[in-house]
Amino acid sequence: MEEKEFERLLKIARLKLSEREAARIKKDIDEVVRYFDKITRFDASDEPAYQPIHVPTKFRKDRVSRFDDVEMLKSGSKLHNGYIVGPKL
Amino acid sequence: MPSYIKEFLKAEKPEGYYEALVESLHKANREYNAFNVIDENVGQSGNAMPFSTKSNICVKGVETTAGSKMLKGYIPPFNATVVERLLDSGRFAFIGETNMDEFGFGTFGVNAALPARNAFDKNYVAGGSSSGAAVATAMLKYHVALAVSTGGSISAPAALNGVVGFTPTYGTVSRYGLIDYANSLDKIGVMARNSDDARIVFDAMRGGDGKDLTCAVGNIGSKKKKKLFVIEELDRYADKTVRANFSGLLDRLSAKYDIETRNIGALDVAVEAYYILAMAEASTNLARYDGYKYGLQLKDLATRYNEFFTEARANFGEEAKRRILLGTFIRSESVKAKYYTKAARIRAIIIKRMGELLKEGFIVSPAFPMQTPKISEVERLTPVQTYATDIFTVPPNLGGFPHITFPYHYQDGMPMGAQIIGEHANDYALIDFVGEWEGEFDYRYKHNIGSL
């Protein structure tokens, strides 16, 4: 994997690594990707299976339901009028 | 072999039984790190069998971290469906949350703050990622564990600690309240000291749940098979000792079953396909941990979102970071067809070919390709070497097939486990198989904490 591609991944995955960590992980990733390349030599044209079993689609009734159990939202987060306070966008 | 659950519920307990149990458990836990949380109130439900949950299953009011610093301080305000059902049955009491590899990312249990140690010898690995669940089951006489498998996280540690590890058909047990690793692969299962206990817990927790629409498999069968298949292409992956012992097991089983060797023709690439799919799913699942909604709370909310998010995500462990980056890479538009879609095509082939074979008989294999390694030995393994050890447990997980691990031999004092795979929704047949095996085999345990 080229350095530029590795930098792109770090940026979109929002990960910042120390120099040592980056060197180690980059080396591992190169090795893992080479390992994954084995599947490219395997002939497979079946329809992809994204689930192991057939999961029938069930729809909920199209009804508005109020969700006002603030307790469900609490997880040590800062709340303001029932909303979680987050960083600036 | 009689059920420990039934025996326990019938037995008279001495006064202060649960308090003494908690005290002994704390003492043992300081050496083995099986539990992240021990619940002092286990005795408050009256006469009930202790059960533990892997730390990625939400328990109301109990810190549930999935073994990650990212979820430090996360106290779920609700119970996972499996927990709710066990508690509602009135037969089970929560005893604590068990140790695990961070978010389930590991085969040996070492991707944890304090790795769980093998119940037979603490210098050896517990196996992972449900490391603590297996050690707890091997340590406590009256206890069952809820564990979770994505690619082998029940089978591997169960085998290495000499307990029964049952992974049900995908979609039979609700995942509501499970902290996701890879949604199309995650399954909640059971570890127990015998097959009867695994059956009782499975019955108590399975069945449709409006909160998890993938929980769609209702009718579970018990179709006995006369044939056992050994998969030829996997044979070379086991080391010499495992192969020799497994061959001895086949000799014993041949008295009751016809044993045939077959080729699936796709299992050589199963581990690669599995990790591609699992990492792609994991990298999206981990995006929800942002430093202000669950668990870890960063103080400075004045920071801009991107920097805030990046700073929070520095708290993931190294294997999690590796999987996030690989998963992000695999999902990139330029390589998606090459890796992700191709892996899903291979998965389709495996489901089809294994499914056809499993109509005729069960598949039998070792659960783990090597003898239990020491903790110091696995620290030297590369990620690829570690992933490759999932060779026997990945195929049933990729296909959502039920599978069960049971101890069949003790080598140099350490247990060795074998695995039986069945067709979708034939889960009871596997439990029956192990029940039959137990009639001819004596399980050994080094610890029996909580004996009566």
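What you see below is based on every heavy atom in this structure, not just the backbone, and it leaves out hydrogens, waters and symmetry mates. Just so we're clear, the structure is a prediction, and the values are computed from it rather than from any experiment.
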Most heavy-atom pairs under 4.5 Å with chain A, out of B:Lys342, B:Lys338, B:Glu281, B:His424, belong to B:Lys342
If you count heavy-atom pairs within less than 4.5 Å of chain B, which of A:Pro87, A:Gly86, A:Pro48 leads? A:Pro87
Could you have a look at A:Val55, A:Ile53, A:Val33 and say which one has the most heavy-atom pairs with chain B under 4.5 angstrom? A:Ile53
How about B:Arg323 and B:Tyr181: does a side-chain donor come under 3.5 Å of a side-chain acceptor? yes
Check whether A:Leu10 gets within reach of chain B through its side chain, its backbone, both or neither, counting any heavy atom under 4.5 Å. both
How about B:Ser184 and A:Gln51: does a side-chain donor come under 3.5 Å of a side-chain acceptor? no
The interface call for B:Met354 against chain A, heavy-atom contacts under 4.5 Å, is neither
Please verify the inter-ring angle class for B:Tyr305 with B:Phe309; under 30° counts as parallel, over 60° as perpendicular, anything in between as tilted. parallel
With respect to chain A, which residue among B:Thr328, B:Thr303, B:Leu325, B:Asp290 yields the maximal number of heavy-atom pairs within a distance under 4.5 Å? B:Leu325
Quick one: which of B:Phe329, B:Phe401, B:Tyr387 has the most heavy-atom pairs under 4.5 Å with chain A, could you say? B:Phe329
Find out whether the Lys NZ or Arg CZ of A:Arg34 is both under 6.0 angstrom from the six-membered ring centre of A:Phe36 and within 45° of the ring's axis. no
Options B:Asn397, B:Ile324, B:Ile276, B:Ile330, ranked by heavy-atom pairs under 4.5 Å with chain A, top entry: B:Ile276
Contacting region of B:Ala312 [heavy-atom separation from chain A under 4.5 Å]: neither
To the nearest 0.5 Å, tell me how far A:Glu7 CD sits from A:Ile12 CD1. 12.0 Å
Chain B heavy atoms under 4.5 Å from A:Ser45: which part of the residue, side chain, backbone, both or neither? backbone
Proximal component of B:Ala287, with respect to chain A [non-hydrogen, under 4.5 Å]: neither
Scored by heavy-atom pairs under 4.5 Å with chain A, the best of B:Leu213, B:Ile346, B:Ile351 is B:Ile346
Counting heavy-atom pairs under 4.5 Å with chain A, which one of B:Ala314, B:Gly327, B:Gly399 comes out on top? B:Gly399
Okay, B:Val335 and chain A: the region with an atom under 4.5 Å from a heavy atom over there is neither
Go through the side-chain N and O atoms of B:Asn315 and B:Tyr289 and say whether any donor and acceptor fall under 3.5 Å apart. no
Given a strict heavy-atom distance threshold of 4.5 Å, which part of A:Glu21 is in contact with chain B: side chain, backbone, both, or neither? side chain
Looking at B:Arg304 and B:Glu307, is there a salt bridge between them, counting it only when a charged N and a carboxylate O are closer than 4.0 Å? no
Can A:Arg24 and B:Glu318 be counted as an ion pair, charged N to O under 4.0 angstrom? yes
Lys/Arg-Asp/Glu bridge criterion (N-O < 4.0 Å) met for A:Lys27, A:Asp30: no
